[in-house]
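See below for the structure under consideration.
Just so you know, residue 1 is the first one in the sequence shown, and it goes up from there.
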Amino acid sequence: MLETIEFIAALRGKGSDSLSIDPRDLGIVLHLMRNHVSGRLTTMSSLAAASGLSYGAAFRAIERLIEDGLIVRRPRTTTGRSFSMHPSSELLRRWQLFNGHTHRLIEQMTGRGAQPVGKPADNMSAVIAPPTVLESKLALPRGLRLLVHADPTFMAMNALKQQFEMILGVLIRSKALSIDRLRDEIVQNGQRQASAYDLIACDLPWFGDMVRRNRLRPLDDLIAGSELDMADFLPDAVASTRRRGHQYGIPLLSTAELLAYRTDLLKDAGLAPPCTTAETLAVARALHAPEQGRFGIAWNGGRGTALGHTFMVVMAAHGQPIVNLARTSDGFLPEDMAEEHLRPMFDSDAARAAADYLTELLAVSPPDILTMTWYDRARAYANGHAALAYAHTLLVNLFEHDPASPAYGRTGYLPQPTGLSGRPISPLGGYALAIPGNIAEERVAPAWAALTALTSAGAAKLFMTNGSLASPRFSVNRDPEVQALSPVIGIVDAIARQGVLRAWPRPPVPGISALISIAGEEIHDMLSGRKSRAAALATAQSRAEAVMATPGPS
């Protein structure tokens with residue numbers, strides 16, 4: 001009984017300190033917060049009814065909370081006669097503090113925390129509150145139209161659709177496509193007289209092509225008139241969406257391609273985690289046990305885009321991007337600054353070393369490796385069918401969040417194994433939201449408001465806590481509640497700060513999509529035994545030079 005008394009006393013004190021509201025208003029706040037988190041509409045009358053007060057007292061309390069800046073009253077119609085009620089950013093901030101303190105007190109009372117009851121929660125200042133509603137509904141007839149990629153972050157966005165519709169005040173109509181179909185749809189949309197979408201999700205390497213074709217609207221004027229903190233985003237993610245000094249996208253999700261390995265299997269075999277391609281081959285061979293249903297390593301070997309990406313980033317691990325980018329003190333510029341920086345590099349030592357490495361990997365890979373794509377390789381590792389895997393952090397939730405996976409709690413991560421260069425590197429992946437270049441002018445301002453809301457720190461945290469593990473914001477990656485989701489979040493944040501997570505292995509230059517396709521076809525022919533290494537790379541170089549010399553309508 002004494003423990004309960006102390007808990008209630010501490011909770012009451014924290015509620016008074018954190019929320020700073022009249023205790024009689026707690027029923028109003030609870031109902032408002034419950035509906036906000038659930039994405040349900042709150043009206044003045046429903047809030048009064050749930051308050052536990054008489055109607056007169058409830059209405060006076062609500063008006064006082066509005067005056068104090070804790071409740072937002074937003075018009076529901078153009079006449080302004082009907083309103084919806086929402087927690088303000090200040091109330092959300094206070095509630096987030098109270099939420100953290102409450103969880104800490106519960107942990108302490110149930111024996112999961114070691115600190116005495118009443119001690120403030122650690123790092124609460126770094127905890128990001130949920131996003132608040134826009135003060136005015138978006139002026140978007142037919143609602144907000146999104147074109148996105150079918151991956152965990154956008155699936156999380158779809159699962160939160162009702163909540164974001166409440167935040168933005170309009171219906172959200174979203175089309176989610178696979179990577180190749182998404183690019184085709186962006187291209188087709190750019191050829192329309194008026195865009196069918198308000199916002200599009202663009203893979204980071206596509207920005208060079210899309211900007212050259214005027215398919216994206218520059219955002220500089222919109223950024224200048226906003227409070228968007230571009231310094232909070234990973235620098236290379238921002239650089240990937242910039243072209244000739246102009247910004248064309250805002251990062252929504254950023255992933256790192258890492259080498260995942262089973263810590264238990266390496267420990268049992270007395271093996272150290274591999275840091276080079278030679279060590280990776282040695283570890284994969286040692287752990288390759290087909291008779292047990294386990295193979296050495298999983299990677300993208302599927303013909304076309306999947307293998308093209310693999311070859312491009314393995315070339316980078318051997319010290320050379322797929323085109324002849326300008327060198328810097330710590331790597332390469334991610335952008336072409338002259339024509340010479342668009343010269344394909346299939347005829348290089350790095351390309352030959354990358355081709356040889358992939359050839360050697362075949363012997364310790366699953367039998368279906370030449371059809372394997374991003375999801376397949378992550379699933380093979382999650383199911384225990386691979387001891388190592390090249391894996392995007394976007395998909396590590398398949399084993400990080402699944403206690404039934406043999407890899408659950410038994411996974412370590414490293415940057416890409418290095419080849420000729422000896423410099424650790426992790427290719428930056430991800431998507432940014434952009435506004436189509438042919439959007440109707442009257443939809444630009446509300447589309448920008450939606451873009452900034454969907455890329456905010458609060459929204460990024462929502463995505464992370466609903467299935468995604470890929471945030472482009474430093475503040476979100478430092479949030480203690482986010483870091484508790486998976487060790488990979490802290491790892492990605494650390495390698496980003498160390499300059500290991502880079503954009504140049506997947507450079508956003510014009511023609512990159514064609515180069516990826518060429519690599520994915522020619523290297524697949526080589527791995528399938530239809531061509532020699534020399535023939536495959538020579539053909540790839542010839543095709544790539546022709547494409548870069550006379551770029552088509554991509």
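When atom types are taken as modelled, the side chain of T393 and the backbone of A256 share a donor-acceptor pair closer than 3.5 angstrom. Checking side-chain atoms of N383 against main-chain N and O of H385 turns up no donor-acceptor pair under 3.5 Å. Distance alone, capped at 3.5 Å, places no donor-acceptor pair between the N324 side chain and the R343 backbone. No side-chain donor-acceptor contact under 3.5 Å links E481 to the backbone of I128. Using modelled atom types, one side-chain atom of N189 and one backbone atom of A196 make a donor-acceptor pair closer than 3.5 Å. Side-chain atoms of E522 do not come within 3.5 Å of backbone N or O of I518 as any donor-acceptor pair. Side-chain N or O atoms of H524 include none that pairs as donor or acceptor with a backbone N or O of G304 at under 3.5 Å. Under the 3.5 Å distance criterion, the side-chain polar atoms of S542 are left unmatched by any main-chain donor or acceptor of A538. In this structure a side-chain-to-backbone donor-acceptor pair under 3.5 Å is missing from S405 to D402. A donor-acceptor pair under 3.5 Å is absent between the side-chain atoms of T539 and the main chain of A536, judged by distance alone.
Nearest approach of F311 to A355, heavy atoms of both residues: CE1-N, 3.7 Å. Nearest heavy atoms, I167 versus P131: CD1-CG, 3.7 Å. When every heavy atom of L325 is checked against every heavy atom of D336, the shortest pair comes out as CD2-N, 4.1 Å. Residues G419 and T277 come closest through the heavy atom pair CA-OG1, 3.8 Å. Closest of all the heavy-atom pairs between P344 and Q541 is O-NE2, 3.1 Å. Annotation for P510 and L342: closest pair O-CD2, 4.1 Å, computed over non-hydrogen atoms.
In this structure, I439 CD1 and Y197 OH are separated by 13.0 Å, a value rounded to the nearest 0.5 Å. Rounding to the nearest 0.5 Å places CG of L433 at 7.5 Å from CG of L146. Going from atom CG of N300 over to atom CZ of R377 covers 4.0 Å, rounded to the nearest 0.5 Å. To the nearest 0.5 Å, the span separating CG on D184 from CD1 on I179 amounts to 11.0 Å. E400 contributes atom CD, which lies 10.0 Å from atom CG of L485 (distance to the nearest 0.5 angstrom). The structure places CG of L258 at 11.5 Å from OG1 of T411, a figure rounded to the nearest 0.5 Å.
Between the side chains of R533 and T359, not a single donor N or O lies within less than 3.5 Å of an accepting N or O. A donor-acceptor pair shorter than 3.5 Å cannot be found between the side chains of S528 and D525.
In this pair, F164 and F463 present their aromatic rings tilted. The plane angle is within the 30 to 60° band. In this pair, Y381 and F399 present their aromatic rings perpendicular. The plane angle is above 60°, beyond the 30 to 60° band.
The shortest side-chain heavy-atom distance between I523 and F346 does not fall under the 4.5 Å cut-off. Using a 4.5 Å heavy-atom threshold, the side chains of F233 and I250 count as touching. Annotation: side chain of I435 is in contact with side chain of L199 (closest heavy-atom distance under 4.5 Å). Side-chain contact between L414 and P424 is absent, with no heavy atoms from C-beta onward closer than 4.5 Å. Residues I322 and I512 meet the side-chain proximity criterion, which asks for heavy atoms closer than 4.5 Å. No side-chain heavy atom of D236 sits less than 4.5 Å from a side-chain heavy atom of L501. At a threshold of 4.5 Å between non-hydrogen side-chain atoms, the residues R243 and F207 do not count as touching. With contacts defined as side-chain heavy-atom distances shorter than 4.5 Å, the pair L252/M157 qualifies.
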Report the C-alpha separation of D493 and R497 in whole Å, then their side-chain angles, then the decisive distance to 0.1 Å, and conclude whether the salt bridge (charged side-chain N to carboxylate O under 4.0 Å, His left out) test is met.
CA-CA 6 Å; D493 187 58; R497 294 175 186 279; 3.0 Å; yes

Walk me through whether E335 and R242 qualify under salt bridge (charged side-chain N to carboxylate O under 4.0 Å, His left out).
CA-CA 9 Å; E335 184 180 350; R242 187 186 299 130; over 6 Å; no

What verdict does the salt bridge (charged side-chain N to carboxylate O under 4.0 Å, His left out) test give for E521 and R530, after you've listed the backbone C-alpha separation in whole Å, the side-chain angles of each residue and the deciding distance to 0.1 Å?
CA-CA 11 Å; E521 292 164 5; R530 289 191 289 270; over 6 Å; no

Taking it one step at a time, do D180 and R183 satisfy salt bridge (charged side-chain N to carboxylate O under 4.0 Å, His left out)?
CA-CA 5 Å; D180 289 330; R183 186 179 181 281; over 6 Å; no

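R473 and D229 are not joined by a salt bridge, as no carboxylate oxygen comes within less than 4.0 angstrom of a charged side-chain nitrogen. Ion pairing of R212 with D209 is present here, as a side-chain N (NZ or NE/NH1/NH2) and a carboxylate O approach within less than 4.0 Å. A salt bridge links R192 with E185: the closest approach of a Lys/Arg side-chain nitrogen to an acidic carboxylate oxygen falls below 4.0 angstrom. D376 and R379 are not joined by a salt bridge, as no carboxylate oxygen comes within less than 4.0 angstrom of a charged side-chain nitrogen. Remark: R506 does not engage E257 in a salt bridge, criterion side-chain N to carboxylate O under 4.0 Å.
Partners of D221 under the salt bridge (Lys or Arg N to Asp or Glu O under 4.0 Å) rule, at least two apart in sequence or in another chain, are R217. Looking at residues two or more places apart in sequence or on another chain, you find a side-chain contact (heavy atoms from CB on, under 4.5 Å) between T132 and S89, L92.
The cationic group of R327 does not satisfy the cation-pi geometry with F332, failing either the under 6.0 Å distance to the six-membered ring centre or the 45° limit from the ring axis.
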